[in-house]
Amino acid sequence: MMSRHSLLVRAAAVAALLVTGFPAAIAPRAQPAAEAPPPAVEQELSPLVVVARGAEHRFEVELVDTPETRSVGLMYRRSLAPDRGMLFDMERTGEASFWMKDTYVSLDIIFIDIDGRVVRIAADTTPLSERPIMSGAPVRFVLELVAGTAAAIGLQPGDVVRHDRIAEISAAEGAETLQ
């Protein structure tokens, strides 16, 4: 026979089940919300010119030149206008490696030496891929444009990219080697 206390406890449990539909012990728990990606923050735009096949092609680019801005790049962007891009100043000349993690837009990644010469083009990159995209040679700058742009303008290794930052760094490095 059950004690009066046991009967009251069971009655309370049954009442809780009837009221809520589930006892607290087996109620589904809320899943933690997936961490929302940081908002895509656009940097100030500056003019850039790509000289391919002797023709000038003008773009407006965001310059990223800090470890924080370089690590985010074009991540989380859902679109990129055909006349826009991003220019990375890598701070020093060396091998560069990129990936497309959290990048939703397919890009042409253009690796550029300190003098503004195109070294390599990684065309039509795969969005959201974590596969490394290597420069294959020492570079100082990397330009990201909408996928297909390099082919559309006929861009080839050896062509030239002009931007105030490239000119500034190239001149400073040239001055250092003369001293």
Side-chain angles (χ1 to χ4, degrees), residues 39-178:
V41 178
E42 288 190 28
Q43 308 293 319
E44 184 176 324
L45 295 173
S46 59
L48 177 138
V49 175
V50 175
V51 182
R53 293 185 179 174
E56 292 187 352
H57 306 274
R58 299 184 184 286
F59 299 90
E60 291 291 319
V61 297
E62 299 171 52
L63 176 65
V64 291
D65 57 1
T66 67
E68 297 78 22
T69 58
R70 280 194 303 269
S71 70
V72 175
L74 289 170
M75 288 178 168
Y76 312 112
R77 308 275 179 100
R78 297 291 179 162
S79 64
L80 183 65
D83 65 338
R84 298 285 171 90
M86 183 169 279
L87 180 65
F88 293 75
D89 179 349
M90 305 304 288
E91 282 190 275
R92 62 187 59 82
T93 298
E95 290 276 333
S97 177
F98 279 61
W99 67 355
M100 296 292 291
K101 181 179 180 186
D102 298 321
T103 305
Y104 297 96
V105 179
S106 182
L107 301 170
D108 287 343
I109 300 178
I110 302 153
F111 297 95
I112 305 164
D113 72 13
I114 197 162
D115 296 320
R117 294 245 172 240
V118 174
V119 172
R120 178 174 180 268
I121 303 163
D124 303 315
T125 58
T126 303
L128 306 174
S129 172
E130 293 186 20
R131 181 183 57 82
I133 302 166
M134 307 298 293
S135 63
V139 296
R140 171 65 190 251
F141 302 97
V142 179
L143 175 62
E144 293 181 340
L145 298 172
V146 172
T149 302
I153 66 175
L155 186 65
Q156 297 291 318
D159 286 339
V160 176
V161 176
R162 294 195 310 242
H163 185 273
D164 288 346
R165 176 62 63 90
I166 296 173
E168 174 186 312
I169 298 299
S170 181
E173 289 290 319
E176 285 179 20
T177 50
L178 294 177

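- Residue Leu45 holds its CG atom at 12.0 Å from CG of Leu87, rounded to the nearest 0.5 Å.
- Looking at Glu60 and Pro47, their side chains come closer than 4.5 Å, going by heavy atoms from C-beta outward.
- Residue Met134 holds its CE atom at 13.0 Å from CH2 of Trp99, rounded to the nearest 0.5 Å.
- In this structure the side chain of Phe141 reaches within 4.5 angstrom of the side chain of Asp89, judged on heavy atoms.
- Remark: the backbone N or O of Met100 is not paired with any side-chain donor or acceptor of Ser129 at under 3.5 angstrom.
- Partner of Arg70 under the salt bridge (Lys or Arg N to Asp or Glu O under 4.0 Å) criterion, chosen from Glu91, Glu62, Glu144: Glu91.
- Pro127 and Ser106 get closest at one heavy-atom pair: CG-N, 3.7 Å.
- Between Ile133 and Arg120 the shortest side-chain heavy-atom distance falls below 4.5 Å.
- The side-chain heavy atoms of Ile112 and Val139, taken from C-beta on, include no pair separated by under 4.5 Å.
- What you find for His163 and Ser46 is that their closest heavy atoms are NE2-OG, 2.7 Å.
- A pairwise comparison of heavy atoms in Val142 and Ala96 identifies CG2-CB, 4.4 Å as the closest pair.
- Among all heavy-atom pairs drawn from Val146 and Ala81, the shortest one is CG2-O, 3.6 Å.
- Atom CD1 in Ile166 sits 8.0 Å away from atom CG in Leu143 (nearest 0.5 Å).
- Across all non-hydrogen atoms, the minimal contact from Ser97 to Pro132 is OG-CB, 3.8 Å.
- Shown here for Ile121 and Leu155, the closest heavy-atom pair between the two residues is CD1-O, 3.4 Å.
- Between the CD1 atom in Ile109 and the CG atom in Asp124 there is a gap of 11.0 Å [rounded to 0.5 Å].
- No side-chain heavy atom of Leu74 sits less than 4.5 Å from a side-chain heavy atom of Val105.
- At least one donor-acceptor pair under 3.5 Å links the side chain of Asp108 to the backbone N or O of Gly148.
- No side-chain heavy atom of Phe111 sits less than 4.5 Å from a side-chain heavy atom of Glu95.
- Tested against Asp65, the residues Arg140, Arg92, Arg165 include a single salt bridge (Lys or Arg N to Asp or Glu O under 4.0 Å) partner, Arg165.
- When side chains are defined from C-beta on, Arg77 counts as touching Met86, because their heavy atoms get closer than 4.5 Å.
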I would like to know whether Val51 and Asp159 meet side chain to side chain contact (heavy atoms under 4.5 Å, CB included); could you show each step before the answer? CA-CA 6 Å; Val51 182; Asp159 286 339; 6.0 Å; no

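- For the atom pair Phe98 CZ and Thr103 OG1, the distance stands at 10.0 Å (nearest 0.5 Å).
- Asp115 contributes atom CG, which lies 5.0 Å from atom CG of Asp113 (distance to the nearest 0.5 angstrom).
- Using a 4.5 Å heavy-atom cutoff, the side chains of Ile110 and Leu145 are in contact.
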